[in-house]
Amino acid sequence: MSTKTHTTAVVLIPQDTIQQPIQDIRKLYDRNYIRWMPHITMLYPFAPQSEFPKVIPILKLTAEETTPFTVTFCTFNAFNHKKTSTMFLTPEPNDKIKKLHQTLINHLPDYYDTARFPNGFTPHLSVGQFQHHILSKLQPRLQTDWTPIQFNVDSFYLIYRSPETDDRFVVAENFYFKDCTHTQ
């Protein structure tokens, strides 16, 4: 299972009921607002759709090993690139997300790309891309106006995009954690 594609991913998606403040910011500043739903990337790139029958049982097993937890989006941070920055909300605390990430990689070691950065895996929910001088002015303003949001993490999602989805990511499958009695 070493084939990878940028048209699939494993992500955490906040519940619809808490997305509006995030989406209000993303709509203004995130060039990927249309392509991606608000999310925390766990594994990306991931297996092509043709390999879903192989990876779905492994993802189910991982979900069964995980208990629900809660994080709060309190703080805006940024990754600085050469010419731009990506601003994001930091889930706090992030230890359980990091543990879930490591469990996913333990089960699917070929898809470790999100851990290959100098500081390792950094859980985050991107809200926009900016020139450095704009970020330095906007980030403090957004932080001042922000009301923290709690995110009850009780599942993760396998998502994909294709010409049939207008190149927008959609949910292929949702994997609920153990002891989670959730209906949709």
Side-chain angles (χ1 to χ4, degrees), residues 8-44 46 59-80 85-107 114-115 117 119-130 135 137-160 168-184:
T8 67
V10 175
V11 298
L12 303 176
I13 302 173
Q15 295 83 14
D16 290 345
T17 56
I18 65 168
Q19 286 186 15
Q20 194 58 53
I22 297 166
Q23 291 294 73
D24 289 346
I25 295 169
R26 290 185 68 233
K27 188 173 186 176
L28 294 173
Y29 304 112
D30 190 351
R31 68 177 176 257
N32 296 310
Y33 172 77
I34 299 295
R35 177 174 278 180
W36 293 86
M37 67 285 287
H39 69 283
I40 297 171
T41 303
M42 302 301 287
L43 302 177
Y44 179 79
F46 195 59
L59 293 171
K60 284 181 181 177
L61 175 66
T62 303
E64 291 166 5
E65 295 175 358
T66 308
T67 56
F69 56 93
T70 301
V71 296
T72 304
F73 294 115
C74 294
T75 309
F76 289 91
N77 284 303
F79 296 121
N80 291 311
S85 296
T86 299
M87 187 166 40
F88 59 88
L89 285 163
T90 302
E92 302 168 25
N94 66 20
D95 58 323
K96 291 183 180 177
I97 294 175
K98 286 184 173 188
K99 181 180 177 186
L100 173 57
H101 179 260
Q102 188 58 56
T103 302
L104 285 162
I105 289 177
N106 289 346
H107 287 294
T114 51
F117 298 97
N119 293 326
F121 174 65
T122 302
H124 66 282
L125 191 152
S126 297
V127 296
Q129 301 77 35
F130 304 91
L135 177 72
K137 294 175 184 164
L138 184 62
Q139 185 174 345
R141 192 184 93 220
L142 286 173
Q143 189 66 62
T144 298
D145 294 342
W146 183 251
T147 301
I149 297 174
Q150 276 201 328
F151 171 19
N152 297 315
V153 185
D154 61 3
S155 63
F156 57 81
Y157 297 80
L158 174 59
I159 62 173
Y160 72 95
R168 295 179 182 184
F169 279 97
V170 296
V171 173
E173 187 136 352
N174 187 354
F175 301 91
Y176 286 102
F177 299 161
K178 72 178 175 183
D179 303 327
C180 186
T181 55
H182 190 77
T183 57
Q184 268 193 269

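Computed from heavy atoms alone, side chains included, the values below leave out hydrogens, waters and symmetry copies.
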Worksheet entry | Spacing of Phe73 atom CZ and Ile40 atom CD1 [to the nearest 0.5 Å] | 4.0 Å
Response to the item:
So CG of Asn174 and OH of Tyr176: to nearest 0.5 Å the spacing works out to 4.0 Å
Worksheet item: Going from CZ on Phe76 to CZ on Arg141, what distance comes out if it is rounded to the nearest 0.5 angstrom?
Response: 10.5 Å
Worksheet item: Would Glu65 and Thr103 count as a side chain to side chain donor-acceptor pair (under 3.5 Å) if you check the C-alpha gap in whole Å, the side-chain angles of each, and the deciding distance to 0.1 Å?
Response: CA-CA 9 Å; Glu65 295 175 358; Thr103 302; 5.2 Å; no
Item to complete: Report yes if some heavy atom in the side chain of Val171 is under 4.5 Å from a heavy atom in the side chain of Ile13; otherwise report no.
Response: yes
Item to complete: State whether the side chain of His101 and the backbone N or O of Met42 hold a donor-acceptor pair below 3.5 Å, judged by distance alone.
Response: yes
Item to complete: Kindly compute the distance separating CD (Glu173) from NZ (Lys60), expressed to the nearest 0.5 Å.
Response: 5.0 Å
Worksheet item: Do Ile149 and Thr147 pass the side chain to side chain contact (heavy atoms under 4.5 Å, CB included) test, and can you show the C-alpha distance, the side-chain angles, and the key distance before you say yes or no?
Response: CA-CA 6 Å; Ile149 297 174; Thr147 301; 6.0 Å; no
Discussion item. Could you check whether any side-chain heavy atom of Lys96 comes within less than 4.5 Å of a side-chain heavy atom of Val153, counting everything from C-beta outward?
Written reply: no
Atom pairs and distances, donor-acceptor, side-chain atoms in residues 20-31, under 3.5 Å, two or more places apart:
{"residue": "Gln20", "atom": "NE2", "partner": "Asp24", "partner atom": "OD1", "Å": "2.6"}
{"residue": "Gln23", "atom": "OE1", "partner": "Arg26", "partner atom": "NH1", "Å": "2.7"}
{"residue": "Arg26", "atom": "NE", "partner": "Asp30", "partner atom": "OD2", "Å": "3.0"}
{"residue": "Arg26", "atom": "NH1", "partner": "Trp36", "partner atom": "O", "Å": "3.3"}
{"residue": "Arg26", "atom": "NH2", "partner": "Asp30", "partner atom": "OD2", "Å": "3.2"}
{"residue": "Arg26", "atom": "NH2", "partner": "Asn32", "partner atom": "O", "Å": "3.3"}
{"residue": "Arg26", "atom": "NH2", "partner": "Trp36", "partner atom": "O", "Å": "2.9"}
{"residue": "Asp30", "atom": "OD1", "partner": "Asn32", "partner atom": "N", "Å": "2.9"}
{"residue": "Asp30", "atom": "OD1", "partner": "Gln129", "partner atom": "NE2", "Å": "3.0"}

Discussion item. Between Val10 and Phe175, is there a side-chain heavy-atom distance shorter than 4.5 Å?
Written reply: no
Worksheet item: Should the ring pair Phe69 and Phe177 be called parallel, tilted or perpendicular, given that the plane angle runs from 0 to 90° and is split at 30 and 60?
Response: parallel
Discussion item. Holding to side chain to side chain donor-acceptor pair (under 3.5 Å), I want the full list of residues that pass it with Asn152, two or more places apart in sequence or in another chain.
Written reply: Thr70
Worksheet item: With side chains defined as the heavy atoms from C-beta onward, is the minimum distance between Pro14 and Leu125 less than 4.5 Å?
Response: yes
Fill in: Check: Tyr44 and Val11 side chains under 4.5 Å, non-hydrogen atoms
no
Worksheet item: Run the side chain to side chain contact (heavy atoms under 4.5 Å, CB included) check on Phe79 and Thr122 step by step: do they pass?
Response: CA-CA 10 Å; Phe79 296 121; Thr122 302; 3.9 Å; yes
Item to complete: Go through the steps to decide whether Leu43 and Ile105 satisfy the test side chain to side chain contact (heavy atoms under 4.5 Å, CB included), and finish with yes or no.
Response: CA-CA 8 Å; Leu43 302 177; Ile105 289 177; 3.9 Å; yes
Worksheet entry | With Thr62 via side chain to side chain donor-acceptor pair (under 3.5 Å) - residues at least two apart | none
Practice prompt. Please answer whether the main-chain N or O of Met87 pairs with a side-chain N or O of Gln139 as donor and acceptor at a distance below 3.5 Å.
Written response: no
Fill in: Ring centre gap for Phe169 and His39 strictly below 6.0 Å
no
Fill in: Spacing of NE2 belonging to His124 relative to OG1 belonging to Thr114, to within rounding of 0.5 Å
9.5 Å
Item to complete: May I ask you to test the Phe156-Leu59 pair for a side-chain heavy-atom distance under 4.5 Å?
Response: yes
Discussion item. Is any side-chain heavy atom of Leu135 closer than 4.5 Å to one of Asn80?
Written reply: yes
Discussion item. With heavy-atom distances below 4.5 Å as the criterion, would you say the side chains of Arg168 and Ile34 are in contact?
Written reply: yes
Worksheet item: CG of Asp95 to CG of Leu100: how many Å apart, nearest 0.5 Å?
Response: 11.5 Å
Item to complete: Verify, without hydrogens or angle tests, whether Gln143 (side chain) and Asn77 (backbone) share a donor-acceptor contact under 3.5 angstrom.
Response: no
